[in-house]
J.: 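Submitted below is the structure of interest, expressed as structure tokens.
Just so you know, ligand 1 is whichever comes first in the structure, and atom 1 is the first atom listed for that ligand. Here, residue 1 is the first one in the sequence, and each next residue gets the next number.
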Amino acid sequence: MTTIETLLGDLAAGRIEVIDLTAPLSDKTTIIQLPPPFANTAGFQLHEISRYDERGPAWYWNNISAGEHVGTHFDAPVHWISGKDGYDVSQVPPKQLVGPVVVIDKSAECAANPDYLLEVADIEAWTAANGPLPEGGWLLYRTGWDARAHDQAAFLNANETGPHTPGMSVACAQWLAQQPILGVGVETVGTDAGAAHSFDPPFPCHSFLLGAGKYGLTQLANIAKLPTTGAMLVAAPLPIVGGSGSPARILAFVPR
Ligand code: MN
């Protein structure tokens, strides 16, 4: 048996389950909201071309429009000024779109404190219990925020002081950027905390990780269905030439 035959056999027999980490993409999909004077992204929209009618009697199809950073999506290094000489989303090597994935779960902490920030000590405690972060793989940061994904107001959780959503500290982002991981995935609207506009530097996860040629995955669903270690992730952004990111289908392969 080849390894592919073994894998296909395990998939067919249910010994490996495929979990979809992608949120549904529609005009209801929540999007980030930047304060003035910054420009904002458009949401996702379908524009019908024909639907079994005089415009096309036997076929249904749509045009689509969306920002690159809408819904479950992939952040490429060029998204941030610190990564402007790095890959655009079409240049990410295919081999890097498949890799190991681990989960750090801070959902209880984030339920108690929506401004919770992941610290280096949290990850060191995780590695002491679970082994090293996966080389060439993803660290997914579970916050429980996916439960709010259907509700723009609850998802962004903003008040007069700005958005309040979990993220990571400046020191943690700087430290993670030096680890041999591919990148970080989150359930929130971006990889940084809601309050990260006020950090020094602002948006440290974007700044340090994309600046180090790493990637981001955002608005993930179903992280709770993954084991802490031992799963594989497939991240499939569209190869938008020159693109800073792309809505992406994200799948996890989980042994059962
Ligand atoms: Mn993004």
Side-chain angles (χ1 to χ4, degrees), residues 21-35 38-45 64-92 96-97 101 118 138-143 145-146 148-149 152 155-158 162-168 172-173 176-177 181-197 199 201-221 223 233-250:
L21 303 185
T22 318
L25 195 53
S26 77
D27 60 2
K28 312 272 188 307
T29 300
T30 53
I31 54 175
I32 197 166
Q33 202 69 51
L34 300 180
F38 303 120
N40 273 294
T41 181
F44 182 87
Q45 281 197 303
I64 58 174
S65 61
E68 296 169 329
H69 298 258
V70 168
T72 302
H73 70 269
F74 190 104
D75 285 351
V78 293
H79 179 42
W80 219 253
I81 189 167
S82 53
K84 64 181 169 52
D85 298 323
Y87 289 145
D88 70 48
V89 71
S90 73
Q91 295 170 324
V92 176
Q96 295 193 322
L97 300 177
V101 59
L118 193 67
W138 295 92
L139 173 64
L140 303 189
Y141 174 23
R142 171 147 172 78
T143 57
W145 224 253
D146 60 331
R148 301 169 179 243
Q152 173 103 13
F155 196 62
L156 299 183
N157 200 37
H164 294 276
T165 60
M168 65 178 68
C172 185
L176 272 175
I181 56 172
L182 271 185
V184 168
V186 300
E187 295 167 318
T188 41
V189 77
T191 53
D192 269 297
H197 58 88
F199 295 1
F203 306 105
C205 189
H206 285 83
S207 183
F208 288 119
L209 273 83
L210 299 179
K214 300 188 188 303
Y215 311 125
L217 301 175
T218 72
Q219 284 180 252
L220 295 172
I223 296 180
L233 186 133
V234 178
L238 298 175
I240 301 169
V241 175
S244 72
S246 167
R249 196 72 183 255
I250 315 288

J.: Hey, what do you get for OG1 (Thr143) to CD1 (Ile223), rounding to the nearest 0.5 Å?
T.: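 Thr143 atom OG1 to Ile223 atom CD1 measures 7.0 Å (nearest 0.5 Å).
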J.: Would you compute the distance between atom CD1 of Ile32 and atom CD of Gln219 and round it to the nearest 0.5 angstrom?
T.: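 Going from the CD1 atom of Ile32 to the CD atom of Gln219 covers 8.5 Å.
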J.: Under the salt bridge (charged side-chain N to carboxylate O under 4.0 Å, His left out) test, which residues partner Arg148, sequence neighbours left out?
T.: none
J.: Taking 2.8 Å as the upper limit, name the protein N, O or S atoms near the Mn ion (ligand 1).
T.: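 As for protein N, O or S atoms lying under 2.8 Å from the Mn ion (ligand 1), they are His69 ND1, His73 NE2, Asp75 OD1.
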J.: Under 30°, 30 to 60°, or over 60°: which ring-plane class applies to Tyr215 and Tyr87, parallel, tilted or perpendicular?
T.: parallel
J.: Can you name the side-chain hydrogen bond (donor to acceptor under 3.5 Å, both in side chains) partners of Thr41, sequence neighbours left out?
T.: none
J.: Using distance only, find each side-chain donor-acceptor pair of residues 76-86 under 3.5 Å and give its atom names and separation, not counting sequence neighbours.
T.:
unit_1	atom_1	unit_2	atom_2	d
His79	ND1	His69	NE2	3.4
Ser82	OG	Ser207	O	2.7

